[in-house]
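Counting starts at 1 for both ligands and their atoms, following the listed order. Reckoned from all heavy atoms, side chains included, excluding hydrogens, waters and symmetry mates.
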Amino acid sequence: MDTLHLAQQPRPLPSGFLAALQARFGERCATGQAVREHHGRDESPYRPMLPDAVVFAQSVEDVVWVARHCHAHGIALIPYGAGSSLEGHVLAVQGGVSLDLSGMNQILAVHAEDSTVTVQAGVTRKQLNEALRDTGLFFPIDPGADASLGGMSATRASGTNAVRYGTMRENVMSLKVVLADGRVIETANRARKSSAGYDLTRLFVGSEGTLGIIAEVTVRLYPQPEAVSAAICNFADLDSAVQSVIQIIQMGIPVARVEFMDSGAVRATNRYSHLSLRESPLLLFEFHGSPAGVREQAELVQLITHEHGGQDFEWAERPEDRSRLWTARHNAYFAGLQLRPGCRSSTTDVCVPISRLAECVGETARELDQASFPYTIVGHVGDGNFHVLMLLDPDNPDEWAESERLNQRLVQRAIDMDGTCTGEHGIGLHKQAFMRAEHGDDALDVMRALKAALDPGDILNPGKMLPPPTA
Ligand SMILES: Cc1cc2nc3c(=O)[nH]c(=O)nc-3n(C[C@H](O)[C@H](O)[C@H](O)COP(=O)(O)OP(=O)(O)OC[C@H]3O[C@@H](n4cnc5c(N)ncnc54)[C@H](O)[C@@H]3O)c2cc1C
């Protein structure tokens, strides 16, 4: 664990700063150890770094007030949604204020006729879908955790449905953003398309709290599909499974979800979710559409998987069976952790063009087979995106060092294949070292210029995403 222990570099707080926060927010400004610890850690392998205070915002006015005060005094300000990010995103590298937006959880306007909804940033994806249940619409983006829409926008999140419905990049229509100095902007309107000026929405989507604080989010919605069915198919080896996916995507079959689990991930899921799936590489599919359309997609997929040696193609048409399978898939992270009690996972997240997927997963698995720790692989393979969960002993620095070496090799492999160091989890602290290899110096300079223009005092989530110019 020591390999991922970074030294905190807190900025000095001017006298009276905390007192002013407490006077404005009362109990909604917390300085106790437990609350600060909760907000100074995430699911990454880093040791926590605590903010000096946590403020629980309830309105845009609260956010503006905190931004203005932090801006005036040069204090670090870290937006915080549900804290489910995986790469050290919310750690308070320079101390300061963690601004928790989970209390901004109002659904502001459902425009069913336009298939859009506007929510406050703290609304979570499950809360949103619960509220939409009777409208005939749904919001498809589903990271494994019940993340907030603000956090999902800030990390450009996706999940199992992205192969059909896209990621946050495609689905955020507009944002209300509080800038570092407290000014408030709307990045767009609700028109389906616009050619008016720079695309500020896409600038803030994926900015990881470093350019502005997202206060409200307008996203696209989709009709709840008339018919849904799920299927599972086993394979003798990983390559045949991935080759099937490549063919399915290249043929343009509009699968809603296609997820890969290696045999280790299936074993972990069986134990954790009390299932009895065959413990070999597996693909899990979901089809959305009309009853006839769903049947046609599934039949084509069955044919393709069969050509690649897929066995035991099984249907799960009853909602409760489908829900059990997908809940199990969403719990694959926690299931993996149970394979080695007391372990922590270092979770990788590369994404490559689909034509290179089999090669990338195959080389990675061959290398991991030599590792001194257990691992599982799961993937949103329809997008060319997969994760390795490296299950590490938190007290064994050699394991951490080995996992970092393997991750570096994996990322380099993905970048060499014209892929990316992160398909959906983002950069945070852990992936900064790969930004230059992926983007090059000139593109990084453009990003630094944008950061300097929008946040000249470097108060917003400082120390994240952009590596220092010398790194
Ligand atoms: C078990 C598990 C499974 C996961 N599966 C997936 C997956 O399939 N796909 C995927 O994409 N991710 C996945 N994740 C990662 C995580 O859920 C996403 O990164 C999610 O988008 C983070 O949202 P959050 O609300 O938890 O944000 P936080 O963790 O609170 O914050 C994340 C980043 O966004 C910034 N931020 C948060 N709110 C705001 C705001 N309102 N304005 C500006 N910046 C803000 C923070 O400063 C931070 O940099 C998974 C995580 C876990 C633990």
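Ionic pairing of Arg340 and Glu399 is present here: one or more N-O contacts between side-chain nitrogen and carboxylate oxygen are shorter than 4.0 angstrom. Between Arg156 and Glu424 no salt bridge is recorded (no basic side-chain N to carboxylate O distance below 4.0 Å). Look at Asp458 and Lys451 and you find a salt bridge, because one of the NZ, NE, NH1 or NH2 atoms lies within 4.0 Å of a carboxylate O, short of that distance. Salt bridge status for Lys464 with Glu208: absent, with no side-chain N to carboxylate O gap under 4.0 Å. Checked for salt-bridge contact, Asp142 and Arg257 meet the test: a charged N lies under 4.0 Å from a carboxylate O.
Of all protein heavy atoms, the one lying nearest to atom 2 (C) of ligand 1 is Ala145 N, 4.0 Å. Atom 29 (O) of ligand 1 has as its closest protein heavy atom Ser85 OG, 2.6 Å. The closest protein non-hydrogen atom to atom 39 (C) of ligand 1 is Pro79 CB, 3.7 Å. The protein atom (non-hydrogen) at minimum distance from atom 19 (O) of ligand 1 is Thr155 OG1, 3.5 Å. Of the protein's non-hydrogen atoms, the one nearest atom 42 (N) of ligand 1 is Ile214 N, 2.8 Å. The protein heavy atom nearest to atom 3 (C) of ligand 1 is Gly144 CA, 3.5 Å. For atom 14 (N) of ligand 1, the nearest protein heavy atom (residue, atom name, distance) is Leu86 CD1, 3.9 Å. Nearest to atom 36 (N) of ligand 1 among the protein's heavy atoms is Ala154 CB, 3.6 Å.
An N or O contact shorter than 3.5 Å links Ser148 to ligand 1 by distance. Considering backbone and side-chain N/O of Ala121, none are found under 3.5 Å from N/O of ligand 1. Residue contacts with ligand 1: Ala82 is placed with a nitrogen or oxygen under 3.5 Å of a nitrogen or oxygen of the ligand (distance criterion only). Inclusion of Gly83 in the set of residues having an N or O under 3.5 Å from an N or O of ligand 1 is warranted. Some N or O of Asn461 is nearer than 3.5 Å to an N or O of ligand 1, by distance alone. Some N or O of Glu208 is nearer than 3.5 Å to an N or O of ligand 1, by distance alone. Checked by distance only, ligand 1 and Gly81 come closer than 3.5 Å through their nitrogen or oxygen atoms. The shortest N or O to N or O distance between Tyr333 and ligand 1 is not below 3.5 Å. Considering backbone and side-chain N/O of Glu424, one or more are found under 3.5 Å from N/O of ligand 1.
Contacts between Asp42 and ligand 1 below 4.0 angstrom, taking non-hydrogen atoms only, are absent altogether. Counting heavy atoms closer than 4.0 Å to ligand 1, residue His380 contributes side-chain atoms (C-beta onward) but none from N, CA, C or O.
Side-chain contact between Leu389 and Tyr333 is present, with at least one heavy-atom pair separated by less than 4.5 Å. Using a 4.5 Å heavy-atom threshold, the side chains of Cys29 and Phe56 count as separate. Residues Pro14 and Ile75 meet the side-chain proximity criterion, which asks for heavy atoms closer than 4.5 Å.
Here atom 11 (O) of ligand 1 lies nearest to Ser158 when heavy atoms of Ser158, Pro143, Ser102 are compared. The closest heavy-atom contact to atom 12 (N) of ligand 1, among the options Glu259, His425, Met465, His89, comes from His425. When Gly150, Gly212, Gly159 are ranked by how near their heavy atoms come to atom 43 (C) of ligand 1, first place goes to Gly212.
The number of heavy-atom neighbours closer than 6.0 Å to CZ of Arg24, taken from other residues, nucleotides and ligands shown, is above 12. The environment of Glu27 atom CD is sparse: at most 12 non-hydrogen atoms of other residues, nucleotides or ligands sit within 6.0 angstrom.
Applying the 4.0 Å criterion to heavy atoms of Leu101 picks out, from ligand 1, the atoms 41 (N). Close approach to Ala157 involves these atoms of ligand 1, each under 4.0 Å from a residue heavy atom: 11 (O), 21 (O). Of all atoms in ligand 1, numbered sequentially from 1 with element shown, those under 4.0 Å from a heavy atom of Phe334 are 1 (C). Within ligand 1, counting atoms from 1 as listed, the ones closer than 4.0 Å to a heavy atom of Ser84 are 15 (C), 16 (C), 17 (O), 20 (C), 22 (C), 23 (O), 24 (P), 26 (O), 29 (O), 51 (C), 52 (C), 53 (C). Atoms of ligand 1 found under 4.0 Å from any heavy atom of Glu43 (numbered from 1 in listed order, with element): 53 (C).
Among the candidates Asn385, Thr155, Asp349, the single residue satisfying the side-chain hydrogen bond (donor to acceptor under 3.5 Å, both in side chains) test with Thr422 is Asp349.
Taking the six-membered ring for Trp and thresholds of 30 and 60 degrees, His39 and Tyr80 have ring planes inclined between 30 and 60 degrees apart. Aromatic ring orientation, His425 versus His387: parallel (interplanar angle below 30°, classes split at 30° and 60°).
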Q: I would like to know whether Tyr165 and Phe139 meet ring-ring contact (aromatic ring centres under 6.0 Å, His included); could you show each step before the answer?
A: CA-CA 9 Å; Tyr165 298 96; Phe139 175 65; 9.9 Å; no
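Ring centers of Trp65 and His69: under 6.0 Å apart, within the cut-off. Not less than 6.0 angstrom separates the ring centroid of Phe386 from the ring centroid of His380.
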